[in-house]
Amino acid sequence: MILIISSLLLGVLLGYFEILPKKIFDLTDKLIIIGLVSLLFSMGAEIGLNDKIMANLDKLGLQALVLAVGSIMGSLGLIKLLENMIADFGREDKRQR
Amino acid sequence: MTILIILSMVSGILVGQFFLPQQVANILNETTMYFLAFLLLGVGIDIGQNKEVISKIKKIGWKIILVPLMIGIGSIIGAILSGWLLTLPVNESSAIGAGFGWYSLSGVLITEIYDVQIGSLAFLTNIFRELLAVILIPLLAKKQESLTLIAPGGATTMDTTLPLIVKSSTSKLGVIAFISGVVLSFLVPILVPILIKL
């Protein structure tokens, strides 16, 4: 956990003070994609390797899916409500690229 | 983007299930962590370069705490309602919903203080929540860039789903997502034991 938080903070500092050469900053977008793909692949491999999850997938799977969809929809619903109440929250700035 | 995400995940699951030997599991756990750390370094640089972000967050001010609160309450209500469909008692469904996607912790907590079966259900539910969030975030981003991107991820928006949120939207939303994820992660070990004992 400490490793994860500190690498994020280190990144923010590097980015904020523009310590690294510009070339590396231009690469961050590609780095994020490569990192994301590797992360998802190894997360998937962990699930595939975990016999407990794979074995229980049919038994508990449907129930788990219903609960997961339910809690996602609940949180989406209340966030929509919040957004309608407070208009200036997330909406205005589109990514300028 | 969505196709790339699903492909990486599914091929990972297949390779893990059919090709990798069991001994790799521990190494893999560590590898995932390093990938995540590397990835968050990149996300951090991205956020740090956008200097107006911090001032924009300051402008939103205390209201920012409403984001994780609404996501948290919504998750628990949603879990109770869908648990009702499955005829689960309220203490079980609400505690599972209060895992907010942090599957390892919520699964272990419920297994330890309550029951193995419900613990595994919490584990699976919250894994599914993370997987669905990974699929939903780019889809929601296509429709509009707003707080709705943060909701599906729950507690995971401070780490695993953060890169995806930043990649599909703005650094500002990324900062809100991080704060929301931290608050929700903090609430998991408090809320799960309280709710399961109701």
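Convention: sequence-line order gives letters A, B, ...; per-chain numbering from 1.
Between A/Leu65 atom CG and B/Ile127 atom CD1 the span is 13.0 Å, to the nearest 0.5 Å. A distance of 4.5 Å separates CZ in B/Phe35 from OG in A/Ser38, rounded to the nearest 0.5 Å. The structure places NZ of A/Lys80 at 5.5 Å from OG of B/Ser146, a figure rounded to the nearest 0.5 Å. Taking CG of B/Leu66 as the reference point, atom CD1 of A/Ile79 lies at 9.0 Å (rounded to 0.5 Å). Going from atom CG of A/Leu14 over to atom CG of B/Leu41 covers 6.0 Å, rounded to the nearest 0.5 Å. Atom-to-atom distance recorded for B/Leu69:CG and A/Leu78:CG is 10.5 Å, nearest 0.5 angstrom.
Cluster annotation: B/Trp84 and B/Ile196 are assigned to distinct hydrophobic clusters (Ile/Leu/Val/Met/Phe/Trp/Tyr, side-chain heavy-atom contacts under 4.5 Å, transitive). Both B/Leu81 and A/Leu81 are part of a single hydrophobic cluster, where members link through side-chain heavy atoms under 4.5 Å apart. Under the 4.5 Å side-chain heavy-atom criterion for grouping Ile, Leu, Val, Met, Phe, Trp and Tyr, B/Leu109 is not connected to B/Val116 through any hydrophobic cluster. B/Ile73 and B/Ile65 fall within the same hydrophobic cluster, where Ile, Leu, Val, Met, Phe, Trp and Tyr residues are linked whenever their side-chain heavy atoms come under 4.5 Å apart, directly or through other members. B/Leu40 and A/Ile34 fall into different hydrophobic clusters, defined by Ile, Leu, Val, Met, Phe, Trp and Tyr side-chain heavy atoms under 4.5 Å apart, directly or through other members.
Considering only heavy atoms from C-beta on, A/Asp51 comes within 4.5 Å of B/Gln22 through its side chain. Residues B/Gln117 and A/Leu60 are in side-chain contact: their nearest non-hydrogen atoms beyond the backbone lie under 4.5 Å apart. B/Phe38 places none of its side-chain heavy atoms less than 4.5 Å from the side chain of A/Leu39. Residues A/Leu40 and B/Val134 have side chains in contact (heavy-atom distance under 4.5 Å, counting atoms from C-beta outward). Looking only at side-chain heavy atoms (C-beta outward), B/Arg129 and A/Ser71 come within less than 4.5 Å of each other. At least one side-chain heavy atom of B/Pro152 sits less than 4.5 Å from a side-chain heavy atom of A/Leu76.
Contact annotation for B/Leu88: only side-chain heavy atoms (C-beta onward) come within less than 4.5 Å of a heavy atom of chain A. Using a 4.5 Å cut-off between heavy atoms, B/Glu130 contacts chain A through its side chain alone, with no backbone atom that close. Looking at B/Leu162, the atoms closer than 4.5 Å to chain A (heavy atoms on both sides) all sit in the side chain, from C-beta outward. Neither the backbone nor the side chain of B/Leu149 comes within contact range of chain A, judged by heavy atoms closer than 4.5 Å.
Residues B/Ala79 and A/Leu67 share a closest heavy-atom pair of O-CD2, 3.6 Å. For the residue pair B/Ala133 and A/Ile72, the shortest heavy atom distance occurs at N-CD1, 4.5 Å. In terms of heavy atoms, B/Leu86 sits closest to A/Gln63 at CD1-O, 3.6 Å. Taking all atoms of both residues into account, the shortest heavy-atom contact from B/Ala37 to A/Ser7 is O-OG, 3.2 Å. Considering all non-hydrogen atoms of both residues, A/Gly70 and B/Ser82 come closest at CA-OG, 3.7 Å.
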Using residues 11-20 of chain B as the side-chain source, report each donor-acceptor pair under 3.5 Å to any protein atom, sequence neighbours left out, with the distance given to one decimal.
unit_1  : atom_1 : unit_2 : atom_2 : d
B/Ser11 : OG     : B/Leu7 : O      : 2.7
B/Ser11 : OG     : B/Ser8 : O      : 3.1

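Partners of A/Glu18 by salt bridge (charged side-chain N to carboxylate O under 4.0 Å, His left out), not counting sequence neighbours, listed by chain and number: B/Lys51.
Options A/Ala45, A/Gly35, A/Gly77 differ in how many heavy-atom pairs under 4.5 Å they form with chain B, and the most are formed by A/Ala45. The greatest number of non-hydrogen atom pairs below 4.5 Å with chain A, out of B/Ser120, B/Ala151, B/Gly154, is found for B/Ala151. Highest contact tally toward chain B, considering only A/Ser42, A/Gly61, A/Ala64, is held by A/Ala64 [criterion: heavy-atom pairs under 4.5 Å].
Every pair passing ring pair (Phe, Tyr, Trp, His ring centres under 6.0 Å) that includes a residue from residues 113-161 of chain B is listed here, sequence neighbours excluded: B/Tyr103-B/Phe123.
Using modelled atom types, one finds no donor on one side chain facing an acceptor on the other under 3.5 Å when comparing A/Glu83 with B/Thr148.
Applying a 4.5 Å heavy-atom cutoff, the residues of residues 90-100 of chain B that approach chain A are B/Ser93, B/Ile96.
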